[in-house]
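Being a predicted model, the structure only gives us computed values, none of them experimental. All values below come from the heavy atoms of this structure, side chains included, with hydrogens, waters and symmetry mates left out. Chain naming here is simple, since letters A, B, ... match the order of the sequence lines and numbering starts at 1 in each.
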Amino acid sequence: MERGLRSYVLRRLGFAALMLVGVSMILFAIMRLAPGGPEAVLIGGEFSAEAAAQIRQRLGLDRPLALQYVTWAGAAVRGDLGRSFKTGDPVASLIADRLGPTLQLTGGALLFAVVVAVPLGVLAAVRRGTAWDTLGSAVALFGVSFPSFWLGIMLILLFSDALPWLPPSGLAEYGREGDLLSRARHAVLPTLTLGLIQMAAVMRFTRSSLLEVLRQDYVRTARAKGLADARVVWRHALRNALIPVVTVVGLSLPTLVGGAVLTETVFAWPGIGRLAVGAVFERDYPVIMGVNLIVGAVVIAANLLTDLAYTVIDPRISYQ
Amino acid sequence: MSDSALVRLLAHRRAMIGAAAVLLMLAAGVLAPSLAPYSYSTQSLTQRLQPPGPAHWLGTDGFGRDVLSRVMWGSRVSLQIGFAATALSLVVGTVLGGAAGYFGRAADHAIMRVADAFLSVPALFLILVVVALFGASLLNTALVIALVTWAPAARVVRAECLALRTRDFVHAAVALGAGHARILGRHLLLNALPVIVVQASLMLGQTILIESGLSYLGLGAQPPLPSWGNMVVEGRQFLASAWWIAAFPGLAIFFTVLGFNLFGDGLRDAFDPALRGAS
């Protein structure tokens, strides 16, 4: 690895770590602003001042705020996110159980979005002003205007109720979680719901980025030397046009993960989104905090990977 | 808005379609008390689950309530929260983004790193934290939506102010001895207004989508007050037998958000013809 690149990677890593600290501080601050504080939730109903003081002492809430934060963050770094107020289970293992389905859902949706959106964006750009372009714009515009939960329900109405093709909810039939076919059939509608919404941004950016690149001199040169149209577009132009698309995909990750909360609720998908929603109704603070911290970490890590991906895709970028 | 921009906007067909959709939904909400055919809460067990027909244009729900009336009343909640959250978020985003762009250096770094941290927590998750702590109410809903949408607004305003800061008329104002407040307010933000207005229109669509999602999760407007989101939830259980209960409120959300998006795109084209079709 050359030196400029190495220091860039190191700087980027340090920045990601700082971001994570920032996110954890925001979470911690919001949590401590809670009216009544965690002791009110733990006891529930009426309680005496002594009981509250006791709980506060047990939870360490009587210590200085900075110390509380350091204690909490230190434990989190070692993988200890506390225990659920409700069930007493370690939060880390609750999250670990639910992370897989969420990663499957979001990963599948992202894959679907990119696989459909990039060719559609290319068609819209190359056939600018034709029906393809109009179709592309319509898809992009509708995609950002649909409420995802409603789209999901309409898909259930269509493909599960009216046409009994696909199961409307769950990860797999009960007790058949290892059955890949069952898993795949259950994944179709939720993945489609989340993916369709995500597709819009990717398709818009592929189109505008490719239009920009197609105006460049090296594309004219490629055409002038008599290369076939398809080769010019797919080989010369698209590779360069995809760089901003990678950025958009990276930037849209928080939206994707946030969208999973609704999609998981609609399809009774056992992911961390539903874990968080359930915890909100129970006021189960450690679970809510833990989920947010992990989700923030995943998103920050994904953004880091996006940035590092440039070093592979685009050799022109300088890292001084 | 200059006259020529207004003319371009009025001639922009898609923007006008968007404006019409938004105005229609706005009128439905404002006029709901006098125009809605039924009350939003009157139940009638003999009229349960009626399909769309002459008596009930959009059918009735599981309690025999008129879906059309409820969609009209629901637009009040969605639009009120949408406007309130957008206004709040724009004020915060404009002030912080403007300050970051104008003062630069340490202020810029501090503000934008906080914005980055907000942008990397998925909005819905952060909203869940706040609603868990402070409870669900209309005011809280508007506040949390603003909390998760100010950062993109701040970015846009900052970028515009950064660009404006180097212009001659700003140097002239500095040379004339104008104070920070005057330069920022009168010369930067006033000139950034077109960008802010476009942002507002697009954000309105966003905030309405977030509000409907929160209501769907049961964390927004509480029944019996109808909001488009909680109507969709109620319709979910009757999906197989009475599709209209979930379908129409969802369509209302879609049309409203689509309207704001079309109008916002049109506004951008009108203000800046050079950007037409660029994004």
Side-chain angles (χ1 to χ4, degrees), chain A residues 18-20 22-23 25-27 30-31 33-35 137 141-142 144-151 153-154 156-157 160-162 168 204-205 208 211-212 251 253-262 265-266 272-273 276-277 279-285 288-289 291-292 295-296 299-300 303, chain B residues 14 113-114 116-136 147-148 202 205-206 208-210 212-219 228-229 232-233 235-236 239-241 243 246-247 249-262 265 277-279:
Chain A
L18 266 181
M19 291 285 292
L20 192 55
V23 168
M25 280 179 163
I26 291 178
L27 283 174
I30 293 176
M31 223 58 185
L33 286 172
S137 313
L141 193 63
F142 282 26
V144 293
S145 305
F146 271 125
S148 63
F149 58 93
W150 182 72
L151 184 64
I153 289 177
M154 291 300 111
I156 293 178
L157 184 63
S160 211
D161 285 343
R204 264 168 95 118
F205 263 81
S208 63
L211 279 177
E212 187 70 40
L251 284 177
L253 284 175
T255 330
L256 178 73
V257 178
V261 176
L262 285 165
T265 307
V266 171
I272 52 172
V277 173
V280 168
F281 284 107
E282 307 274 10
R283 309 244 287 172
D284 197 340
Y285 292 150
I288 304 171
M289 292 275 274
V291 167
N292 270 278
V295 165
V299 170
I300 289 169
N303 276 333
Chain B
R14 287 197 293 172
R113 289 303 81 78
V114 174
D116 284 343
F118 269 95
L119 285 172
S120 61
V121 177
L124 258 176
F125 280 92
L126 192 57
I127 288 177
L128 290 183
V129 177
V130 179
V131 173
L133 295 174
F134 299 96
L147 182 74
V148 297
L202 299 176
Q206 281 300 308
I208 287 171
L209 273 185
I210 299 176
S212 69
L214 273 177
S215 296
Y216 180 79
L217 292 174
L219 300 169
W228 292 333
V232 174
V233 191
R236 174 84 162 85
L239 200 57
S241 55
W243 53 269
L251 270 182
I253 303 170
F254 172 64
F255 277 129
T256 311
V257 176
L258 186 66
F260 278 120
N261 284 337
L262 282 172
D265 282 350
S279 69

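The two residues B/G250 and A/P147 come nearest to each other via the heavy atoms O-CG, 4.2 Å. The minimum heavy-atom distance linking B/L239 with A/L157 is given by the pair O-CD1, 3.5 Å. Here the closest heavy-atom approach between residue A/I153 and residue B/A246 is recorded as CG2-CB, 4.4 Å. Scanning both residues, A/N292 and B/L126, for their nearest heavy atoms gives OD1-N, 3.6 Å.
To the nearest 0.5 Å, atom CD1 of residue B/I253 and atom OG of residue A/S145 are 11.5 Å apart. To the nearest 0.5 Å, atoms CG (B/L119) and CG (A/L253) are separated by 12.5 Å. Atom OG1 of residue A/T265 and atom OH of residue B/Y216 lie 7.0 Å apart, to the nearest 0.5 angstrom.
Both the backbone and the side chain of A/L141 have a heavy atom closer than 4.5 Å to some heavy atom of chain B. Proximity to chain A is absent for every atom of B/I208, based on heavy atoms less than 4.5 angstrom apart. Interface remark: A/F281 contributes side-chain atoms only to the contact with chain B (heavy atom separation under 4.5 Å). For A/I300, the part lying under 4.5 angstrom from a heavy atom of chain B is the side chain only. For A/F149, the part lying under 4.5 angstrom from a heavy atom of chain B is the side chain only.
Among the candidates A/N303, A/L18, A/V257, A/V291, the residue making the largest number of heavy-atom pairs closer than 4.5 Å to chain B is A/V257. Taking A/V266, A/L256, A/I272 one by one and counting their heavy-atom pairs under 4.5 Å with chain B, the maximum is reached by A/V266.
More than 12 heavy atoms of other residues, nucleotides or ligands shown are found within 6.0 angstrom of CZ on B/R236.
A distance-only check finds no donor-acceptor pair linking the side chain of B/W243 to the backbone of A/M154 [under 3.5 Å].
In this structure the side chain of A/V280 never reaches within 4.5 angstrom of the side chain of B/L217, judged on heavy atoms.
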request  = List the steps and the verdict of side chain to side chain contact (heavy atoms under 4.5 Å, CB included) for A/L151 and B/F254.
outcome  = CA-CA 10 Å; A/L151 184 64; B/F254 172 64; over 6 Å; no
